[in-house]
Each structure stands twice: as C-alpha cells, then as structure tokens.
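Report on the following structure.
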Amino acid sequence: MKDFVRSVFDATVQIPKGRVSTYGDIAIALGDVAASRIVGVILARNPRPIVVPCHRVVYSNGEVGWYGGKGRGAERKRELLSKEGVRIKDGRIENFDSVRFADFKIDPMLKDLRREQDAMSRKVVERDDFGKMKFIAGLDVSYADDDAFAAMVLYDCSEDAVVDRKTIRRKATFPYIPSYLAFREIPVLADLIDGRKDTVYLVDGQGVLHPRGFGIASHIGVAFDIPTIGVAKSLLCGVIEKEEAKKSPIRLEGDLKGYLVRQSGKHPLYVSVGHRVSLESAASVVEKLLDKGKVNPLQEAHRLANDARKSALNTEAAKG
DNA sequence: GCGACAG
DNA sequence: ATCTTGTCGC
C-alpha cells in the first residue's frame, strides 16, 4: 500500500501549475487504467493538499469533480485551478485537451504485476491432480482500512466436520484493484496455507475466470503448488451461456472456464478452476458443500475473519 | 445511452 | 471489502 500510494503522490506532484490530469491518466502511468478508482480514493485522502496538488486531477470528461472526498469541495477546487490559470466554464475545463498533462515519469508497476500473472498462468493445471481429498479448506479476509484479518477453516471430508480454524492479522501492503486482488490478499493469507496435498483450498475470488486466466485462486494454487478452486460472488469477466436453474456454463473467449452454481432462490456463485482441479470436480465439490446458498467452509472462514476483526477493533477501542 | 470489473 | 438507519418481507 505504501509503495502504491507513494507512486500516486509522485505522479500527482509532476502535474505542472496551469495544467490538469485525470485519475485514469495517473492509473495508466501506473500501468493499468483499471486502477483509476483507487487513484481517486487515494487522492481523496491526500494528507498534504497543495503540496501534493490533487486539485489538478479531474474527471476524464473534463469535469472538475470533487476535492477532499465525494460531494465535497468542488468550489474550492475550481478556485485553486482558476488561480493557476486553468479556465473553467460550468464546472468543466475549457481547453481540456491542451491543458491535460499525462507525461508522468513513474514506474508502471502494474505492468510488471501483469507480466508476473501472465508468466505464472502458464503453470496452471486444469485437471484433477491431487491425492485423496481428505480436507477442504476455506480462506477469506476481512478488512478495517489497511488492517487485514485472514481466516482459514479446515473441513474434514470423512468426518463431515470442521477440525481446525486459524486467524491471522497483517497490514495490507497493496490496494484492491480489479484483476490484481491476489497481490492484496496473498501476503495476508500466506501463513495460513500449509502445502498439504490432501487439502483442496476454496478461495473467495476467481480462478482462471480472469482477464489473464490467473485470478487469486489460481495464483495461490501455483504459488504454493496446491489444489485450489475459485468461488466468487460476482463475475469479473466471461459470459454466462444460458441461465439454468442450478448450473450454467460460463465462457471466456469461447472456452468453457467456469460454472454459475446456485441453490434455488439464493444468490449465484461463480466457480472456476484454481489449480490442479478439473472444472467438473470444482463444480461438484462446491455443489456438495452448498448450504443455504453458501459454501460451508468459505462461509465459516468469512464469519471467522469478521469476528477476528470486530474483536480486535473492540479491544483496541477499549484501550483507547 | 452505453458500460460499470473478484474482494 | 467497509461505511450505516430504517425498512421490507418471511
């Protein structure tokens, strides 16, 4: 998080007086326009306004936008820009194209992360490659700002019972950016993963159903060489072929890469291969564990992570 | 009006 | 993901 935030500020101070840039332009300089929303969030919390001239960052349609958070400070932002010689009419930059600055000299770090995903994605095994599936583990993370609370719940298949629970607290080192979730959550989850080959891990997020075929479930699978399944609550990419009652195929560029799985009347889940599990096995594991529309070990991990966060926060609030 | 993207 | 009061439905 520190490095990413610093990069956003580094870019912002490069915008000259009398010029403006956009959240998307800074995101592109960081390597991916997908980061534009988090650039906005970070600049909205800029602790050093003026020094870090976030008032020079506007919407891509030329509207001036807010200053210091959504719905706030638009007037102040217009004032500051006007004083710097930027002409504004009806809340829009007048000669937007000519005053727009995008020649940032910063490290496009997201490009490197994409390359890492592309390289590692070639190692994904999309067929059953595990011993006896003795355990199924659920992983999840809960946040309070940069405080991350991760949970692991271990379910014994033969005993049909939870046999282990672990939680851990870490500082998040990277923001949430769609398609880069793994870089936020893997450092938090790492110490909860032991490389046992008789355990299939369920991960809250996509597997190969990802723009580069390498969502967090696949990333964890390849990084730790363990079987994993991606179970997401919403779709990142892909097309649902035809909506059936229980199980519908999802295609990515024409290839079958996932299933929408649901219990009647409940929200759907999007299942895809993480690593060393076939799509058919992944779907059947999830279907078997479905209870009230949720996958049991994941639901338990979710609750555990939330509880850990709330009790930690309450304890600290009590201490003052 | 369209698109709007895991957690 | 999290922030949050009332409101709707079973």
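Note that these values count all heavy atoms, side chains included, but never hydrogens, waters or copies made by symmetry. Here the structure is a predicted model, which is why all the values come from computation and not from measurement. Order of the sequence lines sets the chain letters (A, B, ...), proteins ahead of strands, with each chain counted from 1.
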Specify the separation, in whole Å, of atom [atom1] of [X] and atom [atom2] of [N].
| X | N | atom1 | atom2 | value |
| --- | --- | --- | --- | --- |
| A/His302 | C/dT2 | NE2 | C1' | 11 Å |
| A/Arg45 | C/dT2 | CZ | P | 14 Å |
| A/Phe174 | C/dA1 | CZ | P | 19 Å |
| A/Ile38 | B/dA4 | CD1 | C1' | 17 Å |
| A/Ile250 | B/dA6 | CD1 | P | 14 Å |
| A/Arg37 | B/dG3 | CZ | P | 16 Å |
| A/Leu209 | B/dG7 | CG | P | 12 Å |
| A/Asp204 | B/dA6 | CG | C1' | 8 Å |

OP1 or OP2 of [N] under 4.0 Å from side-chain N/O of [X]:
| X | N | answer |
| --- | --- | --- |
| A/Arg184 | B/dA6 | no |
| A/Ser234 | B/dC5 | no |
| A/Tyr176 | B/dA6 | yes |
| A/Lys233 | B/dG7 | yes |
| A/Asn306 | C/dA1 | no |

Between A/Arg78, A/Lys17, A/Arg56, which is the residue that forms a salt bridge (charged side-chain N to carboxylate O under 4.0 Å, His left out) with A/Glu84?
->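 The option that passes is A/Arg56.
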Which nucleotide in the set C/dC3, B/dG7, B/dC5 lies at the smallest distance from any side-chain heavy atom of A/Glu185?
->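 When the side chain of A/Glu185 is considered, B/dG7 is the closest of C/dC3, B/dG7, B/dC5.
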Please work out if [X] contacts a base, only the sugar-phosphate, or nothing of the nucleic acid, heavy-atom cut-off 4.0 Å.
| X | value |
| --- | --- |
| A/Ala232 | sugar-phosphate |
| A/Phe183 | nothing |
| A/Ser179 | base |
| A/Leu235 | sugar-phosphate |

Do you see a donor-acceptor pair shorter than 3.5 Å between the side chains of A/Tyr259 and A/Glu280?
->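 Note: A/Tyr259 and A/Glu280 side chains meet the donor-acceptor criterion.
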When you check the side-chain N and O atoms of A/Asp156 and A/Ser158, is any donor under 3.5 Å from an acceptor?
->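 There is such a pair (donor and acceptor under 3.5 Å, judged by atom type) between the side chains of A/Asp156 and A/Ser158.
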Do A/Arg48 and A/Phe9 meet the cation-pi criteria used here (NZ or CZ under 6.0 Å from the six-membered ring centre, within 45° of the axis)?
->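 No, cation not above the ring by the 6.0 Å, 45° rule.
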Pair A/Glu241 + A/Arg251: basic N to acidic O under 4.0 Å =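 The answer is yes: the pair qualifies as a salt bridge.
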